[in-house]
Protein chains: 2
Amino acid sequence: MNKTETLEPLLTALCGAPPPSQLAGHLAALAQEVRVSRGGSAPLDHRRDLFVYIAQGSTKLVASASAGREQIVAFHFAGDIVSVPAHSLHSYSLNALEPTHLLIFPASEMHAAIAGNPAVLTGLLQRVLTALHRCRDKAVGLGRKNAGERVASFLVGMAERIGHAEGGEITLDLPMSRRDIADSLGLTIETVSRQFSEMRSAGWLRTQGRAHVRLLQPATLAAHAGHVELRSP
Amino acid sequence: MNKTETLEPLLTALCGAPPPSQLAGHLAALAQEVRVSRGGSAPLDHRRDLFVYIAQGSTKLVASASAGREQIVAFHFAGDIVSVPAHSLHSYSLNALEPTHLLIFPASEMHAAIAGNPAVLTGLLQRVLTALHRCRDKAVGLGRKNAGERVASFLVGMAERIGHAEGGEITLDLPMSRRDIADSLGLTIETVSRQFSEMRSAGWLRTQGRAHVRLLQPATLAAHAGHVELRSP
DNA sequence: GCGCGTCTTTGACCAGGATCAATGAACGGA
DNA sequence: TCCGTTCATTGATCCTGGTCAAAGACGCGC
């Protein structure tokens, strides 16, 4: 599969229609195509703003504060677009959770390339807005939720993105480790593990191996996620 | 001053040139113009995604988790654009920190209006990206920094946005209360107050009344903000 | 200029989650 | 299949920041 073909799902998703092949070619020329193995980090040029398209696999965007403390800012799955800023306050890196296939674009050149296509530009804006809204929800969790609520939020959020519904239950295969979950939720691995144990004994979920989780009571879990209850219109 | 005139600085900032008057008129027709007094909240329609332009004044974007816990997701000042999503996980409101003048746009109609102008669309994308990157930096602070680092980050960040440099010092007039600062940093007012006291006695800053702060040692403060030290290229 | 209400500061104590430590389970390679 | 390493779990203890409480400062309206 060549770069242009890899790009097609991206362009289709962005503008909601088959893309003009000329644009696809133009973008393909800008892209750096990379395959990263599990645990590896994407070869990012941190002097410029970038967009990264996750063609296959999944990644974590990791920010480092001083003293080696790490905060995972977001997880991404196939089809997602990640905006990676040039280094400023914190140092960012993009790491693969499993064998992953990426296309890396310099932001300014990508802007220029798609400037003539409002549909694509609007689609990209929409993706960035979604990322912003997710990031805000994460900030609420980090600032104002306790350990149990954070883990519940995480599980409910992952269920929405990569879960498979089976009757009233949802099964999940988490590509990230307990450490990744902890680094995403602003907790330690021990605390995350304790929360999993409590939820297991409460009958809310069952685990099988490291990665496989079955949410037995998704609604209960969601209720404990500390989300505001939506008032009916 | 009419709506179109209020819009001009926005459009100029977005596309880096005097705007086509036709577009300004079109956008002005979409905008709901509102003046909100100190402490008041903007009359937002939470059923649709919105953009809000802060023409004058300053605001806080507040998210409510359940149990009345509030997290301030961002502060905004004159010239900023805020994206406010329709309610989902958390309930958002936009509150004025001082008498404030706003223009409220429905996001979808704004998209349609500026679709024909790539420069404006790209400018808007740039603003949203800046908001995303700020939000990520905030997430790092909320997830992985202690109280002292959070307050130091806050002060350094505000100094960049609304500070006045005087010699090696920076003076600030904070429009937000200690409670706002606490709700922004995921702390309590008591903890914020204690951090201010410590920094005062360390000689890092001086306060005068509620709002006026003089950073005596901005560099020391920045060093304690827990940001990663930039390695030289 | 005065007085009251609100916001801030300070103190004492408490608790949730971090840290330190050790055991146990999973996975991958030989 | 077995073994070794890594990852997850559980337990004991500590500490940062939250909670409760009270006094003090600020600023607004009269």
Side-chain angles (χ1 to χ4, degrees), chain A residues 37-39 60 65 67-71 95 97-99 141-155 172-202 205-213 224 226, chain B residues 37-39 60 65 67-71 97-99 141-155 173-202 205-213 224 226:
Chain A
S37 57
R38 179 183 155 85
K60 54 178 177 180
R69 293 167 298 180
E70 299 202 329
Q71 173 68 39
N95 293 70
L97 300 174
E98 57 190 314
L142 292 172
R144 289 286 175 242
K145 289 183 184 173
N146 63 29
E149 292 171 325
R150 293 188 203 187
V151 173
S153 289
F154 169 80
L155 289 170
L172 278 173
D173 280 293
L174 298 176
M176 68 288 285
S177 66
R178 293 288 184 277
R179 165 158 300 285
D180 289 333
I181 298 173
D183 283 346
S184 162
L185 299 178
L187 301 170
T188 58
I189 40 176
E190 293 93 332
T191 299
V192 171
S193 183
R194 275 184 256 270
Q195 292 301 325
F196 269 80
S197 299
E198 277 189 33
M199 291 176 179
R200 254 192 305 263
S201 51
L205 55 82
R206 191 172 300 162
T207 57
Q208 196 176 319
R210 297 198 201 296
H212 191 81
V213 180
H224 282 77
Chain B
S37 57
R38 177 184 157 84
K60 56 179 176 179
R69 293 166 297 181
E70 299 203 329
Q71 173 68 39
L97 300 173
E98 56 190 313
L142 293 172
R144 288 287 176 241
K145 288 184 185 172
N146 62 30
E149 292 171 326
R150 293 188 202 187
V151 173
S153 289
F154 169 79
L155 289 170
D173 280 294
L174 298 176
M176 66 289 284
S177 67
R178 294 288 184 278
R179 164 157 301 285
D180 289 333
I181 299 173
D183 283 346
S184 162
L185 299 179
L187 301 170
T188 60
I189 41 176
E190 293 93 330
T191 299
V192 171
S193 183
R194 275 185 256 270
Q195 292 301 325
F196 269 79
S197 299
E198 277 188 32
M199 291 176 180
R200 253 193 305 265
S201 52
L205 54 81
R206 191 172 300 161
T207 57
Q208 197 178 317
R210 297 198 202 295
H212 191 81
V213 180
H224 283 78

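Atoms considered below: every heavy atom in the structure, side chains included; atoms not considered: hydrogens, waters and symmetry mates. Numbered from 1 within each chain, the chains take letters A, B, ... in sequence-line order.
- Here chain B contacts DNA chain C (any atom closer than 4.0 Å to a heavy atom, that is under 4.0 Å), and the contacts span C:dT6 to C:dA12 from 5' to 3'.
- The salt bridge (charged side-chain N to carboxylate O under 4.0 Å, His left out) test applied to B:Arg150 returns no partner, not counting sequence neighbours.
- Among the heavy atoms of the strands, none lies under 4.0 Å from A:Arg38.
- Axis angle, first five pairs versus last five pairs of the helix from C:dG1-D:dC30 to C:dA30-D:dT1: 60°, rounded to 10°.
- The CD1 atom of A:Ile181 sits 12 Å away from the C1' atom of D:dC7 (whole-angstrom rounding).
- Using a 4.5 Å cut-off on side-chain heavy atoms (C-beta onward), B:Ser177 and B:Asp180 make contact.
- In this structure, a donor-acceptor pair under 3.5 Å is present between the side chains of A:Ser197 and A:Arg200.
- Under the salt bridge (charged side-chain N to carboxylate O under 4.0 Å, His left out) criterion, A:Arg178 pairs with no residue at all, not counting sequence neighbours.
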For this session: For each nucleotide in nucleotides 16-26 of chain D, reading 5' to 3', give B when a protein heavy atom comes within less than 4.0 Å of its base, S when such contact involves only the sugar-phosphate, and - otherwise.
Result: -SSBB-----B
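- Phosphate proximity of D:dT9 to A:Ser193: present, with a side-chain N or O under 4.0 Å from OP1 or OP2.
- In terms of the salt bridge (charged side-chain N to carboxylate O under 4.0 Å, His left out) criterion, B:Glu70 has no residue partners (sequence neighbours excluded).
- For the side-chain contact (heavy atoms from CB on, under 4.5 Å) with A:Leu155, the lone residue among A:Met199, A:His224, A:Gln195 that qualifies is A:Met199.
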